[in-house]
Enquirer: 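Attaching a single structure in structure tokens format; questions to follow.
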Amino acid sequence: MEQIDIKSLTKEELTQEIVNMGEKKFRAEQLFEWMHKRHARNFDEMTNLSKQLRQELAQRFLFVSLRAVRVQESAFDGTKKFLFELHDGNLVESVFMRYQHGNSVCISSQVGCRMGCRFCASTLDGLERNLLPSEMLDQIYAIEVLTGERVSNVVVMGTGEPLDNYDNLLRFLSLLNDEKGLHMSLRSVTVSTCGIVPNMKRLADEKLQLTLALSLHAASDEKRRRLMPVANRYSIGELMDACRYYFDRTGRRITFEYSLVAGENDTEDDLRRLTALARGMNCHVNLIPVNPIKERAYVQPDRKAVLAFKNGLERNGIKVTVRREMGRDIDGACGQLRRSHRKASEGL
Ligand code: SAH
């Protein structure tokens, strides 16, 4: 029989399981708190449960706990990048960033990715598997334990496409928000998608208070298709409809992410088209000078060109920021750490 993943159960489901074992309900509360508030790393740490119960739990349930196999710290800004090993030996990476407004963690939602964006290192080897809700949570829990610091913001912007792992994402969000767990407000959470339109609409209907970031990266269908295979499936027109729907249902402003690639999407014409899209939307544009990966020839525009692009948008009344590049010295781009670690251990 496949073991149930205990850290992915809601409080109600956990209570049911515990009652089925012939235990009192309050044991479920103790367990939930050990896992989601105190970040216990195994059942044996749960010292107010009897040894016998701990043994029974260990037999019955899968207890997900990530092991840090590599930690890199940036010499510039204190950004830390963690490579975690999952219970089946797969690897995921997460990033801890310090900002003035608090600590932020960027988590992965899948092992690998099948979206195939051309500039992204996470997708080069395809999708291995979805992450469980517990494995998304545990990236945050493990980082709180390892750094000894509170995490106040979460961005689901690491490896993987969160809306390609929809059910697990929603369960993760609800556990993250649980008052008996980290109790994180979803206003402090950003979910980034390459634009899976039906699931953007489903998410809108959940009426959660999280920020939806759309990886736009090009303002015409033709250019977007060159950078992102998903653009063959959904047009920019459909994406804009989905964004508008998201805003209407949730009242939350959309973020457009736009990775600037020299000569690809940073021309006057690109600026004009992006301006037209952003003007019709309650949105914020986040420009990201592309993080070069060695497998592709994409390069960043120079600083002047990035600022000119930013100013062009601002002149038209569009809210825009250039993403601070954090941790460039530590395999900063998505999927690079996992990739370099695997290649090194395979002797490639
Ligand atoms: N699958 C989701 C989230 C993961 S990627 C998505 O597509 O949004 C998080 C963001 O980083 C996305 O906007 C993605 O397009 C961008 N990104 C990936 N690789 C990059 C690189 N090498 N340089 C700049 N941005 C990159």
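In listed order, ligands and their atoms are each counted from 1. Please read all numbers here as calculations on a predicted model, not as lab measurements. These numbers come from the heavy atoms of this one structure, side chains and all, not from hydrogens, waters or symmetry mates.
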Enquirer: Using 30° and 60° as the class boundaries, would you call the ring planes of Y141 and H36 parallel, tilted or perpendicular?
Expert: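 Aromatic pair Y141/H36 classed perpendicular.
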
Enquirer: If you draw the axis of the six-membered ring of Y166, does the NZ or CZ of R202 fall within 45° of it and under 6.0 Å from the ring centre?
Expert: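 R202 over Y166 ring: yes.
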
Enquirer: Which of the numbered atoms in ligand 1 are below 4.0 angstrom from a heavy atom of E161?
Expert: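 What qualifies from ligand 1 is 1 (N), 2 (C), 6 (C), 7 (O).
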
Enquirer: Give the atom numbers and elements of ligand 1 that come within less than 4.0 Å of a heavy atom of C120.
Expert: 18 (C), 19 (N)

Enquirer: Counting heavy atoms only, which part of T159 comes closer than 4.0 Å to ligand 1: side chain, backbone, both or neither?
Expert: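 None of T159 does.
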
Enquirer: Within ligand 1, which atoms have a heavy atom of C194 less than 4.0 Å away?
Expert: 6 (C), 7 (O), 8 (O)

Enquirer: Answer yes or no: is there an ion pair linking E33 with K180, defined by an N-O contact shorter than 4.0 Å?
Expert: no

Enquirer: Which option, S259, S192, G158, A213, owns the non-hydrogen atom nearest atom 4 (C) of ligand 1?
Expert: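 Among S259, S192, G158, A213, the closest heavy atom to atom 4 (C) of ligand 1 comes from G158.
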
Enquirer: To which of H217, M115, E257 does the heavy atom nearest atom 14 (C) of ligand 1 belong?
Expert: H217

Enquirer: Applying the side chain to side chain contact (heavy atoms under 4.5 Å, CB included) test to K7, which of D138, L132, L175, L31 qualifies?
Expert: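 In the set D138, L132, L175, L31, the residue that makes a side chain to side chain contact (heavy atoms under 4.5 Å, CB included) with K7 is D138.
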
Enquirer: What I want to check is whether the side chains of R150 and N103 have a donor and an acceptor closer together than 3.5 Å.
Expert: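 There is no such pair (donor and acceptor under 3.5 Å, judged by atom type) between the side chains of R150 and N103.
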
Enquirer: Please confirm whether G160 comes under 4.0 Å of ligand 1, counting heavy atoms of the residue only.
Expert: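 It does, in that a heavy atom of G160 comes within the 4.0 Å cut-off of ligand 1.
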
Enquirer: Does atom CZ of R296 have more than 12 heavy-atom neighbours, drawn from other residues, nucleotides or ligands, at distances under 6.0 Å?
Expert: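 Yes.
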
